[in-house]
Number of protein chains: 2
Amino acid sequence: MNNFEVMLREHNLKATKQRIGILSIMHMRGHINIEELYERVKKSYPSISLATLYKNIRLMLENKLLTEVSVNNSKTLYEITKEDHAHMHCEKCNEVMDIDFCFEDMYKNLGNEDGFLLKNTQVTLMGICKNCQ
Amino acid sequence: MNNFEVMLREHNLKATKQRIGILSIMHMRGHINIEELYERVKKSYPSISLATLYKNIRLMLENKLLTEVSVNNSKTLYEITKEDHAHMHCEKCNEVMDIDFCFEDMYKNLGNEDGFLLKNTQVTLMGICKNCQ
DNA sequence: ATCCTTGCAAATGATTTGCAAGAGT
DNA sequence: ACTCTTGCAAATCATTTGCAAGGAT
């Protein structure tokens, strides 16, 4: 029983080969969009269908096992949920990288939030990465 | 010659009725998605087509007259480009509100950016707004 | 007069659905 | 054995394209 099986069970999901495949690709790759995920998962499970991929992504998002990362001007990415962090998004190669970030410090700099019940924060730095410059 | 005509000319775009219509809805509405924009613009210009809307949004994004606002789990929004600010996104009603935010202060709290050429930043607080609680 | 923009219809791309067969517990 | 998941095909929704006619400068 590997890590991903445990993760799935902890989130009340059956541990199917397809799901374990999805999670292991995501774990290796970091942030990934549906299209690339499909190409890669097919290498281990050639019979997997796009519908299965979409259904599972949706399910794992609802269970908070995955987190959606919306970036401007390119496809939605998904990552395995982890500690708070910020993202750098390269507008040329579309790569997304994690950076350490303390949300507590940021909250001190906020303006008027007027009764808003805060659940989560997304911080994305947009620009050009080292390789693309 | 109204404000929107000036804005368009300053960005080297011809001032058509359709474009002025798009901008005035956006100015009133704040953040808006394509579907809602279409419904509203049709009220003043019933003949406008979705294709025209998409073409113009794309064009104005390229000219930085508009800014894309990607939010998790709901349609991409667009707003007229303005000074740096952060967004609050209500996960229930999907409304997006602006809040004051000083990016300079935030940059002090950042981790390793390793040669990244920063162009822009997006900060989104996700949660439940006052009305929806 | 020229070039850009519009609206239409069709093409393409992304995501969801229903259902019968198969897999996980 | 039971229930949930898969894969397929079709349906739906979102976005883009090509082109002829119309509009802005």
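Note that the coordinates shown come from a computational prediction; the quantities given were computed from them, not determined experimentally. Throughout, protein chains are lettered first and strands after them, A, B, ... in sequence-line order, and every chain is numbered starting at 1.
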Round to the nearest Å and state the distance from [X] atom [atom1] to [N] atom [atom2].
X       : N      : atom1 : atom2 : answer
B:Leu53 : D:dA14 : CG    : C1'   : 12 Å
B:Tyr38 : C:dC8  : OH    : C1'   : 11 Å
A:Glu62 : C:dT16 : CD    : P     : 10 Å
A:Ile57 : C:dA14 : CD1   : P     : 15 Å

Angle of first-five versus last-five pair axes in the helix from C:dA1-D:dT25 to C:dT25-D:dA1, to 10 degrees: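 So the angle between the two local helix axes works out to 50°.
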Within the structure shown, what part of the strands sits under 4.0 Å from B:Gln18 by heavy-atom distance: base, sugar-phosphate, or nothing?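 Sugar-phosphate contact only.
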Give B:Ser47 one of three labels, base, sugar-phosphate or nothing, depending on what nucleic acid heavy atoms sit under 4.0 Å from its own.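 Sugar-phosphate, backbone atoms only, no base.
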Pairs satisfying salt bridge (Lys or Arg N to Asp or Glu O under 4.0 Å), at least one member in residues 72-89 of chain A, at least two apart: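 Qualifying pairs: A:Glu35-A:Lys75, A:Glu79-A:Lys82, A:Lys82-A:Asp98.
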Using the test salt bridge (Lys or Arg N to Asp or Glu O under 4.0 Å), find all partners of A:Asp105 that sit at least two apart in sequence or belong to another chain.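 Salt bridge (Lys or Arg N to Asp or Glu O under 4.0 Å) list for A:Asp105, sorted by chain: A:Lys108.
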Going by the rule salt bridge (Lys or Arg N to Asp or Glu O under 4.0 Å), which residues pair with A:Lys43 if we only count those two or more places apart in sequence or in a different chain?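 Partners of A:Lys43 by the salt bridge (Lys or Arg N to Asp or Glu O under 4.0 Å) criterion come out as none, since no residue qualifies.
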Which parts of nucleotides 15-25 of chain D does protein reach within less than 4.0 Å, heavy atoms only, written one letter per nucleotide 5' to 3' as B for base, S for sugar-phosphate only and - for none? BBBB----BBS
Going by the rule ring-ring contact (aromatic ring centres under 6.0 Å, His included), which residues pair with [X] if we only count those two or more places apart in sequence or in a different chain?
X        : result
B:Phe103 : B:Phe101
A:Phe116 : none
B:His87  : B:His31, B:His85

Side-chain N or O of A:Asn33 less than 4.0 angstrom from OP1 or OP2 on C:dA14?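 No, A:Asn33 has no side-chain N/O under 4.0 Å of OP1/OP2 on C:dA14.
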Below 4.0 Å: OP1/OP2 of D:dT6 and any side-chain N or O of A:Asn56: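 Yes.
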Output all residues satisfying side-chain contact (heavy atoms from CB on, under 4.5 Å) with B:Lys130, sequence neighbours left out; order by chain, then residue number.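 With neighbours one apart ignored, the set is A:Asp114.
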Applying side-chain hydrogen bond (donor to acceptor under 3.5 Å, both in side chains) to B:Thr67 and B:Thr81, what does each step give before you reach the verdict? CA-CA 5 Å; B:Thr67 301; B:Thr81 303; 2.9 Å; yes
